[in-house]
Structure formats: structure tokens, C-alpha cells
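Scroll down for the structure; my scribbles are underneath it.
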Protein chains: 2
Amino acid sequence: MVNSKNILSSVEEKCVERGIRLTPRRRQVLDVLVQEEAALSAYEIAQRCNADSDNPMPAMSVYRILDFLQEQQFVHRLETANKYISCSHLSCAHEHLQPQFLICNSCRRVEEIDLSSSAVAAMASAASAAGFASISSQLEVNGLCDRCVHANA
Amino acid sequence: MVNSKNILSSVEEKCVERGIRLTPRRRQVLDVLVQEEAALSAYEIAQRCNADSDNPMPAMSVYRILDFLQEQQFVHRLETANKYISCSHLSCAHEHLQPQFLICNSCRRVEEIDLSSSAVAAMASAASAAGFASISSQLEVNGLCDRCVHANA
DNA sequence: TAAGATACGATACACTGTATCATTTAGTTG
DNA sequence: CAACTAAATGATACAGTGTATCGTATCTTA
Ligand SMILES: [Zn+2]
Ligand SMILES: [Zn+2]
Ligand SMILES: [Zn+2]
Ligand SMILES: [Zn+2]
């Protein structure tokens with residue numbers, strides 16, 4: 001169980017710094033994502049909000065709130081799966097431009113990584129050979145996490 | 001303009017070898033993709049089929065046919081965009097396991113590449129550092145192709 | 001030709017995301 | 001505090017995408 005209270009107060013501070021509002025609705029959506037290791041779709045988020053609250057969360061609100069949270073880099077969107085995951089740097093000062101993700105094909109959990117410069121250089125070299133001048137991408141790589149490998153060994 | 005006739009007869013041969021059928025419908029869908037440098041959605045494919053034919057192509061047929069063409073590796077599906085593109089190795093004997101793609105953000109054209117082993121090794125190393133034992137992925141990298149870079153210079 | 005398998009046509013439907021407008025809430029100013 | 005303004009939310013309708021399902025047609029094979 002993640003200590004979402006500490007994480008959310010860090011986010012609260014950042015919002016104050018940036019002069020933006022972390023409303024109860026936004027906080028609720030972010031909390032759902034912070035407590036989840038796997039990525040969730042917008043409708044899955046709405047369902048979880050409605051599970052532990054009497055005030056129904058419409059899916060449309062989820063989309064709006066996700067837009068806001070993405071702009072602030074509090075959550076990221078996995079383009080391949082079209083799902084959302086909280087940033088793993090909510091409680092630190094780490095800055096990232098484009099995040100990269102590893103997605104476990106077995107347990108679906110997602111790890112946010114920073115690719116080494118050598119890996120990026122190797123990608124850029126392959127792109128150049130194929131007639132592409134520049135690449136800038138959020139890489140999403142599927143695989144198997146250690147936990148699942150050991151569990152199935 | 002691509003010489004789709006030669007490409008399609010190569011595909012025809014492969015179908016004979018594999019004991020499968022390249023029906024007129026399947027040929028029609030494949031032809032649309034062969035003649036297009038950019039990736040197309042299922043509904044876009046249906047529209048193009050209907051543009052130059054009086055026999056309407058239902059979207060549902062397109063999906064079924066795309067399933068077939070994907071199984072045979074005649075076309076690939078871009079997971080990020082949810083669009084389809086013909087394999088660039090239709091008329092040769094090149095074998096690939098997981099293809100990788102470069103997608104131009106300006107003109108949308110797609111290049112199918114084979115990542116160098118060093119690039120793959122660099123990716124695997126980053127994954128290992130993040131607690132992922134194995135990766136196996138169809139990488140899709142956005143960028144700018146040389147043509148577009150020169151055109152906008 | 002008859003039986004079975006494969007491919008296709010057609011309809012309905014679920015899911016996802018957007019557009020739009022009304023309403024409420026939160027800040028701002030006099 | 002009252003009035004104003006902007007931001008956020010509620011609510012409805014709708015378009016696009018993909019699937020499920022059933023019936024029909026075509027091909028294969030004995
Ligand atoms: Zn992040
Ligand atoms: Zn796992
Ligand atoms: Zn290919
Ligand atoms: Zn281009």
C-alpha cells in the first residue's frame with residue numbers, strides 16, 4: 001500500500017508554487033492513480049472513484065482532470081494502451097522531458113524509467129540510417145518484470 | 001507510385017506456399033496499404049476501397065481481413081496510432097520477429113526498420129536496471145524524416 | 001454431389017472520447 | 001460584503017472505433 005498522503009501533500013506544494021488548484025475532484029483522481037501500480041483507463045478510474053464515494057464521478061470529468069494532471073506532468077498517458085499512470089517523481093524534484101515506460105505483460109505494472117544516453121544514441125543512430133533526422137519519443141516497451149519471472153520460474 | 005502489381009504477385013506466391021488464400025477482398029485491402037506510405041486506420045482503408053470500387057467494403061470486413069494480413073505479417077499495426085501499414089518486406093524473403101517503426105510527425109510516413117543489436121542491448125540494459133528481466137517489443141518512435149527537415153529548412 | 005471448413009455480409013451493440021451548454025464554485029475587485 | 005469574472009464541474013448528446021453474432025456464400029475435399 002502506497003503512502004499516498006505524503007505524495008499528495010508534495011503535489012499540493014507544487015500546485016501552490018505553480019499557482020494552480022488541486023481540487024477535491026483532481027485529488028481524488030490522482031489518488032486513485034497513485035495507489036495503483038498498473039495503468040488505468042479513464043473509465044476504470046471513474047469506476048474506482050465511484051467505488052469509494054457517494055458523489056459520482058462522471059467519465060467526462062475524468063478526462064478533463066486527466067488533461068490537467070498531464071499538463072502538470074503529475075500523470076502520464078501510455079499511448080499504446082491508452083491508459084494513465086501517476087508520475088513516479090511526484091514527491092521529488094526530478095524533472096523529465098519525455099518519460100519512458102516498461103510495461104509488464106504479466107502483471108501489467110508499469111515502471112517509469114530514464115533511458116541512458118547510450119540507449120538514446122543507439123536509437124538515434126538507427127533512425128539516421130533509415131533516413132530520419134531526429135527522434136523524440138515517449139518509448140513504451142513491453143516485457144516481463146523480475147517478480148513475474150521469478151514467480152513463473 | 002509504387003509498383004503494387006509486382007509486390008502483390010510476390011505475396012500471391014507466399015500465400016500459395018503457405019496454403020492460404022489471397023481473396024479479392026484481401027488483395028484489395030493489401031493493395032490500398034501497399035500504395036500508401038503513411039499508416040491508415042481501418043475506416044480509412046474502407047473508404048479508399050469504396051472510392052475505387054462499386055462493391056462496398058464494410059468496415060467489419062476490413063477488420064477481419066486486417067487480422068488475417070497481420071497473422072501472415074503482410075501488414076503491421078502501429079499500436080500508438082492504431083493504424084495499419086504494409087510490411088516493407090513483401091517482395092523479399094526477409095524474416096522479422098518484431099518490427100520497429102519510425103513515424104514522421106510532419107508527413108506521417110512510416111519506415112520499418114531493424115534495430116541494431118547495440119540499440120537493443122542498450123534498451124535491455126536500461127530495463128534490467130529498472131527491474132525488468134526481459135523486453136520484447138515493437139518499438140514505435142516518432143520523429144522527423146529527412147525530407148521534412150529539408151523542406152522546412 | 002454432399003459435407004465441412006473458410007470467408008464474407010449485415011446488424012446490433014459496447015466502449016471510448018469529444019463537443020456543447022448550463023450550473024456551480026472559487027478568486028478578484030470596488 | 002456585494003458584484004463581477006474566471007475556473008471548474010455537471011449533464012447531455014453525439015461521433016468514432018472495435019467486437020460479437022448470426023446467417024449466407026464460396027471453396028475444399030472426400
Ligand atoms: Zn514522470
Ligand atoms: Zn510483472
Ligand atoms: Zn515487416
Ligand atoms: Zn516526413
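Hydrogens, waters and symmetry mates are skipped; everything else that's a heavy atom, side chains included, is used. Per chain, numbering begins at 1; letters A, B, ... match sequence-line order.
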- Separation of D:dA7 P from A:Phe68 CZ (nearest whole Å): 13 Å
- Worked verdict on B:Glu140 versus B:Thr80 for side chain to side chain donor-acceptor pair (under 3.5 Å): CA-CA 7 Å; B:Glu140 300 174 15; B:Thr80 46; 2.5 Å; yes
- Task: Answer with yes or no after comparing the ring centroid distance for A:His76 and A:His96 against a 6.0 Å cut-off, counting only values under it.
- Result: yes
- Message: Just the rounded figure in Å: distance from C1' of D:dT9 to CZ of A:Arg26.
- Response: 10 Å
- Measure from CE on A:Met57 to P on D:dG10 and round the result to the nearest Å. 7 Å
- Rounded to the Å, how far apart are A:Gln28 CD and D:dT9 C1'? 13 Å
- Query: Separation of A:Gln47 atom CD from C:dC15 atom C1', in whole Å?
  - Reply: 11 Å
- Task: Could you tell me whether A:Arg25 contacts a base, only the sugar-phosphate backbone, or nothing, with contacts defined as non-hydrogen atoms closer than 4.0 Å?
- Result: sugar-phosphate
- Item | Length of the line joining A:Tyr63:OH and D:dT12:P, which is rounded to integer Å | 18 Å
- A:Arg64 vs A:Glu44, nearer the 5' end of DNA chain C by closest nucleotide: A:Glu44
- Message: Using whole Å, what does the distance between atom P of nucleotide C:dT6 and atom CD of B:Glu71 come to?
- Response: 12 Å
- Distance test, side-chain N/O of B:Thr23 to OP1/OP2 of C:dC8, below 4.0 Å: yes
- Message: Is it the case that the side chains of B:Gln72 and B:Gln70 hold a donor-acceptor pair, with the cut-off being a distance below 3.5 Å and no angle test?
- Response: no
- Task: Decide, yes or no, whether a salt bridge links B:Glu36 with B:Arg48 under the criterion of side-chain N to carboxylate O below 4.0 Å.
- Result: yes
- Choosing from D:dT9, C:dA19, C:dC8, which nucleotide comes nearest the side chain of A:Met60? C:dA19
- Does A:Ser61 make a side-chain N or O approach to OP1 or OP2 of D:dG10 shorter than 4.0 Å? yes
- salt_bridge(B:Glu12, B:Lys14) N-O dist < 4.0 Å: no
- Query: Nearest-Å distance, CD (A:Glu79) to P (C:dT16)?
  - Reply: 18 Å
- Name the closest nucleotide to the B:Arg21 side chain, picking from C:dT6, C:dA26, C:dT16. C:dT6
